[in-house]
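Structure first, then comments.
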There are 2 protein chains.
Amino acid sequence: MSKSSPRAEIAYQALRQAIIEQALLPGAKLPEDQIGAHFGMSRTLARATLARLQAEGLVDARPKRTATVAQPTLEEARDIFEVRKALEREAVALTIKRWRPEYGAALEGHVREENAAKARRDDRVSIRLAGEFHIKLAAMSGNKVLQRALAELVSRCSLILALYGRPHSSECAVNEHSQIIAALRKKDIAGATRLMEEHVGSVERRALLADAPSADLDLDAVLSRYARTIEASNAAISLPVGRRKRSS
Amino acid sequence: MSKSSPRAEIAYQALRQAIIEQALLPGAKLPEDQIGAHFGMSRTLARATLARLQAEGLVDARPKRTATVAQPTLEEARDIFEVRKALEREAVALTIKRWRPEYGAALEGHVREENAAKARRDDRVSIRLAGEFHIKLAAMSGNKVLQRALAELVSRCSLILALYGRPHSSECAVNEHSQIIAALRKKDIAGATRLMEEHVGSVERRALLADAPSADLDLDAVLSRYARTIEASNAAISLPVGRRKRSS
DNA sequence: CCGCCGATTATTGTATACGAGAATATGGCA
DNA sequence: TGCCATATTCTCGTATACAATAATCGGCGG
């Protein structure tokens, strides 16, 4: 159904990563034709790929309209962070319960990568790695369902950051990750949970600049970002290449 | 993408409900042709519908093989309950924070329905209502993302019950629901959380009869249930009607 | 010069076609 | 009689076709 075709799978991964790394910004159009043409497959598969991304909340698709990279509302954004926090707590607790020394090393290796990316000002990779830290931790919980759910939420957080955050604030202060690792090592559930909560909270604060209940205030910010969105959606992952390529 | 076609939407709802109510048992085959024929649509739409159900974990689909109603492993089952508990806690906490008196009445009305269904020995409806209690509560949290995630998990729990539980144990002791309502009314977060936790725990215990790490022990039980599965998948929701209907 | 309306083009919705791979039945052989 | 090889049938994987609707552009009237 989903993993069958290598091309469809590649398209899925590519689009997913492009969205997460903010190479395709929220609102960017994703016409079935072009996606199919780009990945050398028919609209049938392009459509299935988009449907999958839609199910994960990364793509908006209203009937009869071209699919776009999702633009979560402020309210939705808050909801996502709330659920994410609940699952991160669970992930921390479960991971500590089955803690093994290798885990610490693995996570620290990851943090080193994060620092490297940050040092070389590679924002795209930075953003992705910041998210993946949380996924790796969730994986250590041993609970696949939890891992999957959290992965979905974390991706959507990248999207939220792209929409409402300031331009290039990479998601996490890396040293917060280090502190969490330290607490995990001590098997300090309460401490690790608290740190994680604060950490995600601070990401949320950075992401949701606006505090007003209405989204009007940041309409300006959003609109001014739009010019960038449109141009970026062309450069970006080279998806919309100039004009479209006809059916060849 | 998904809600476009009324037929596809109907098929989705029907299949979903049939699975949840255990009219279609785990392992039952779901050939694209038959589904399409039954709902008067082409395989294209049938396929999309199945993909959707697969994304929610209600359907298993390996490439080149006919899709079936999902058969979660014991391990997966435990994972699902674990995540569910985490989200139920969150739902309780959030709901209490924005509690309104109507909520109590609404939930009590629901419990009355549950009792009615139980009184008339309507197992199917009983099972469905038991799950919907939790969804309604999640809806009151005001967090759509949470509600959706929990709905998915609760559905999958019905599946687990069908696979591993004893034949007709309807999911919940209804009075546990009433106790939870009482705690909510008192805005007693700790108490309500504890009750919810115990409640889901008891559902889990009822669902996962086997405690052994290996699933060998209940292989017999599963196999003996299979005869029923096959015959039931024919009677059931009248999906596989005798032979298939050709392309008309 | 600006804004509304119709023609043109871009894109989606859905069915169908055809090839390929499983599943199942059939017949020969031990 | 029981088992394996092979033919047959059932399904899936994917592309393509065609109709229908939305977006876009150009001309007309104000």
Side-chain angles (χ1 to χ4, degrees), chain A residues 1-12 15 24 27-55 59-70 226 229-230 233-234 239-248, chain B residues 1-12 15 24 27-55 59-70 226 229-230 233-234 239-248:
Chain A
M1 197 106 288
S2 41
K3 319 195 121 64
S4 50
S5 165
R7 287 168 300 171
E9 184 63 21
I10 288 170
Y12 166 74
L15 284 171
L24 287 171
K29 287 211 242 188
L30 305 169
E32 297 171 358
D33 279 0
Q34 282 185 47
I35 296 189
H38 186 80
F39 293 101
M41 62 200 190
S42 77
R43 267 183 58 218
T44 305
L45 292 181
R47 215 176 152 68
T49 301
L50 286 173
R52 209 169 146 193
L53 290 164
Q54 187 197 5
V59 158
D60 283 344
R62 289 158 38 226
K64 287 282 182 184
R65 295 193 142 55
T66 302
T68 63
V69 175
Y226 260 35
T229 302
I230 285 147
S233 73
N234 275 27
L239 216 200
V241 183
R243 288 289 85 192
R244 84 200 203 84
K245 275 191 209 151
R246 209 88 208 191
S247 49
S248 100
Chain B
M1 195 110 286
S2 39
K3 320 196 121 64
S4 49
S5 164
R7 287 167 300 169
E9 184 63 21
I10 288 170
Y12 166 76
L15 285 170
L24 286 171
K29 286 211 237 189
L30 305 169
E32 296 171 358
D33 280 1
Q34 282 184 47
I35 296 190
H38 185 80
F39 294 100
M41 62 199 189
S42 77
R43 267 182 59 218
T44 305
L45 291 182
R47 214 178 152 68
T49 301
L50 287 173
R52 210 170 146 192
L53 290 164
Q54 187 197 5
V59 159
D60 284 344
R62 287 155 43 223
K64 287 279 182 186
R65 294 192 146 56
T66 302
T68 62
V69 175
Y226 260 37
T229 301
I230 284 144
S233 72
N234 275 27
L239 214 200
V241 183
R243 286 289 84 189
R244 82 202 203 87
K245 274 192 209 152
R246 209 86 210 194
S247 49
S248 104

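In what follows, chains are A, B, ... by sequence order, proteins preceding strands, each numbered from 1. Just so we're clear, the structure is a prediction, and the values are computed from it rather than from any experiment.
Looking only at distances, no side-chain donor or acceptor of B:R47 sits under 3.5 Å from a matching main-chain atom of B:E32.
Remark: P of D:dG13 and CZ of A:R47 are 17 Å apart, rounded to the nearest angstrom. For the pair B:I10 CD1 and C:dT14 P, the computed distance is 12 Å after rounding to whole Å. Atom CZ in A:F39 sits roughly 18 Å away from atom C1' in D:dA15 (whole-Å rounding). Put simply, CG on B:D33 is 13 Å from C1' on C:dA17, counting in whole angstrom units. In this structure, A:R62 atom CZ and C:dG13 atom C1' are separated by 16 Å, rounded to whole Å. Between the CD atom of B:E9 and the P atom of C:dG13 there is a distance of 14 Å, given to the nearest Å. Summarising the geometry, the separation between CZ on B:R43 and C1' on C:dT16 is reported as 10 Å, rounded to the nearest angstrom. One interatomic measurement links the two molecules: CD of A:E32 to P of D:dT16, which rounds to 15 Å at whole-angstrom precision.
Nearest-nucleotide positions on DNA chain D for B:P31 and A:R7 put B:P31 closer to the 5' end.
Over its full length, the helix from C:dC1-D:dG30 to C:dA30-D:dT1 turns its helical axis through 10°, comparing axes from the five pairs at each end and rounding to 10°.
Across B:A46 and B:G36, no two heavy atoms sit closer than the pair CB-N, 3.8 Å. Contact detail for A:L30 and A:V69: the closest heavy-atom pair is CD1-N, 3.9 Å. When all heavy atoms of B:V59 and B:A67 are compared, the closest pair comes out as CG1-CB, 3.9 Å.
Residues B:Q54 and A:R52 have side chains not in contact (no heavy-atom distance under 4.5 Å, counting atoms from C-beta outward).
The OG1 atom of A:T49 sits 8.0 Å away from atom CZ of A:F39, with the distance rounded to the nearest 0.5 Å. For the atom pair CD1 of B:I35 and OG of B:S42, the computed distance is 12.5 Å after rounding to the nearest 0.5 Å.
Under 4.0 angstrom from either OP1 or OP2 of D:dC12 there lies at least one side-chain N or O belonging to B:T66. Not one side-chain nitrogen or oxygen of A:T44 sits closer than 4.0 Å to the OP1 or OP2 atom of D:dT14.
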(request) Could you encode protein contacts along nucleotides 19-25 of chain C as a string, one character per nucleotide from 5' to 3', using B for base contact, S for sugar-phosphate-only contact and - for no contact, with a heavy-atom cut-off of under 4.0 Å? (result) -BSSS--
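Distances were taken from every side-chain heavy atom of B:L45 (C-beta onward) to each of C:dA15, D:dT16, C:dG13; the shortest belongs to C:dA15. Here C:dG13 is the nucleotide among C:dA15, C:dG13, D:dT14 with the atom lying nearest to any side-chain atom of A:P63.
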